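Below is one structure, written out as structure tokens; comments come after it.
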Amino acid sequence: MPVVRESYRTCDVGRPDGAVMSDPKKQYKVFIASPGDLDAERRAFKEVIDEMNDGFAEAADASLEPLAWELSYSVVGRPPQDVFNDMVDQCDCFILALHRRWGQDAPDSEYSSYTEEEFHRALNRFNKTGKPRIFVFLKKIDTEFMVDPGEQLKHVLAFRKELEKSNNVIYKEFEDENGFRLLLRIHLKALIKDELPSVLHKREAVVLPVETIARLEKAEAENKRMLAEVEEARKQIKEETEAVQKKLDAKALEHEKQTLQHARLAAKAALDCRVEEARQSFAVVTQATNNLSVLYLCYEFYKRIGELDEAEEILNRWLSISGPDQESAEAAAAYCNLGLVCRTRGDLDRSEEMHRKSLAIEEKLGRQEGVARDYGNLGLIYQTRGDLDRAEKMFRKALVINEELGRKEGMANQYGNLGLIYRTRGDLDRAEEMHRRSLAIEEKLGRQEGMASEYGNLGLIYKTRGDLVCAEQMHRRALEINEKLGRPEGMAIQYGNLGVIYRKRGGPEEARRLWTKARELFERIGMKPEVKKIDKLIKELEEKKS
């Protein structure tokens with residue numbers, strides 16, 4: 001996001017002699033602690049502060065002073081740790097940046113590294129005095145490194161879990177240097193404006209498909225039964241060769257048992273808001289199994305927390321197991337899910353290619369439910385491209401099949417999709433009728449995700465009619481459900497919609513705040529087209545303000 005320059009007025013105080021005295025500048029000392037694998041981010045730290053001192057901070061009558069070990073080198077090399085501890089004790093803001101390294105060993109300290117010592121020194125001071133404000137920025141760790149971490153990464157992974165449990169430190173994840181710069185700007189601006197959020201908040205749960213978890217528990221029970229049979233058979237076998245074979249079978253079943261247990265515990269961690277623990281557990285499970293039900297659960301987790309690269313990697317593995325050239329229900333499901341990932345990223349051509357592969361398999365197998373699903377997904381692609389007639393044709397095909405099958409969930413989806421078509425054409429009454437039909441079914445089925453979608457759609461209709469009060473009510477209902485489900489995409493959409501409402505009401509600051517939150521979520525889950533739309537809205541808002 002480009003740096004936004006904002007205007008601030010300072011009050012001049014009259015003195016008895018008639019001279020004018022200006023308020024002193026607010027000064028903030030900002031310390032950064034990080035191990036040696038974030039050189040680019042440490043350089044960016046100094047550059048962002050220099051940039052803000054020339055722009056936003058100067059306009060806000062404030063200044064930022066960077067504190068870091070690079071800025072304290074002497075002719076004899078790295079300064080002693082006491083120098084850094086003094087910086088920690090003086091700073092107004094403490095930033096910890098971590099990737100895969102934990103930091104230099106600290107043999108003269110009670111902590112395992114000097115980086116850890118600096119963090120706890122700042123945290124202890126914060127708990128006593130309320131200062132410094134502490135930000136933790138965590139660079140994304142690729143799944144492959146979590147499977148067999150070394151000693152340094154083990155410390156980092158354990159710290160991430162503890163950080164999630166504590167709820168008393170602001171922490172965010174970033175992917176690259178640009179993401180780090182964005183986080184730094186956002187948080188330092190909030191520090192200067194005294195708009196930092198409370199860190200004592202409930203973490204978002206990641207709600208995974210109930211039916212998949214149920215199948216997993218059933219598979220685990222079946223695994224236990226088979227394991228018991230193997231144990232019984234092992235006792236009865238007399239010949240050595242048969243005993244060896246049974247032992248091998250038992251070992252394979254034991255491995256599968258462990259994998260199923262890990263997957264179930266990972267799903268429970270996600271549901272209990274322990275997302276970091278779930279992420280680390282799913283990373284291990286993904287590499288240890290060929291069970292498609294387990295892989296599907298892993299895919300759903302990564303998709304719902306917005307980590308699309310990991311989700312796609314699992315689907316490609318899924319295809320390699322089911323066979324990319326096999327005309328099976330498993331292959332069709334993998335292609336369909338790949339289509340959803342591509343559409344989220346804005347790659348509509350590849351998305352259509354994946355859904356058409358899925359559709360061809362489903363038609364050959366005669367699986368009408370899958371055929372309807374792919375018609376609906378193709379309709380969404382055509383709708384995004386603006387081909388409304390073709391989109392409506394796909395949605396109606398899907399609706400007919402779902403009505404014939406009596407699939408209420410599928411009917412709700414297609415009523416909602418048709419409502420989008422009518423709203424785009426300007427037929428708001430018919431659009432509302434479709435969305436209310438969909439909402440009634442979703443409420444009867446208890447499908448929270450579908451309810452959130454329809455509340456959001458109804459909000460858009462009310463907004464178009466000019467009824468901003470009802471529109472805000474609908475979008476806030478949708479946002480509340482998406483927060484409960486831990487759906488970053490749904491949350492981002494509703495933040496964006498609420499921002500539009502506040503802009504129409506003449507509340508530019510609240511609009512900008514909501515759009516900034518939407519942009520952060522869209523960027524996190526890789527929805528680049530939506531990021532561009534939000535950037536455009538914020539730019540127009542700033543131009544109008546200036």
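If you read the sequence from its start, that first residue is 1, and numbering goes on from there. Note that the structure is a prediction, hence the values are computed from the model and not measured.
Between the side chains of R343 and T384, no donor N or O sits under 3.5 Å from an acceptor N or O.
Of the charged side-chain nitrogens involved, none lies within less than 4.0 Å of a carboxylate oxygen, so that E173 and K140 do not count as a salt-bridged pair. In summary, D374 and K357 do not engage in a salt bridge, as defined by a charged side-chain N under 4.0 Å from a carboxylate O. Salt bridge D194/R133: absent, no basic N to carboxylate O contact under 4.0 Å. With respect to the salt-bridge test (charged N to carboxylate O, under 4.0 angstrom), the residues R513 and E510 qualify. Using a cutoff of 4.0 Å between basic side-chain nitrogens and carboxylate oxygens, E51 and R181 are not scored as salt-bridged.
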Indicate every side-chain donor-acceptor pair of residues 392-401 with a distance under 3.5 Å to a residue at least two apart or in another chain.
residue	atom	partner	partner atom	Å
E392	OE1	R425	NH1	2.7
E392	OE1	R425	NH2	3.0
E392	OE2	R396	NE	3.1
R396	NH2	Y422	OH	2.5

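Annotation: side chain of I534 is in contact with side chain of L537 (closest heavy-atom distance under 4.5 Å).
Without hydrogens or angle criteria, S351 side chain to D347 main chain gives no donor-acceptor distance under 3.5 Å.
Exactly one residue among R477, K504, R505 makes a salt bridge (charged side-chain N to carboxylate O under 4.0 Å, His left out) with E472. That residue is R505.
Outside the 6.0 Å centre-distance limit, the rings of F174 and F137 are not counted as a close aromatic pair.
Judged as a ring pair (Phe, Tyr, Trp, His ring centres under 6.0 Å), and not counting sequence neighbours, the contacts of F94 are F31.
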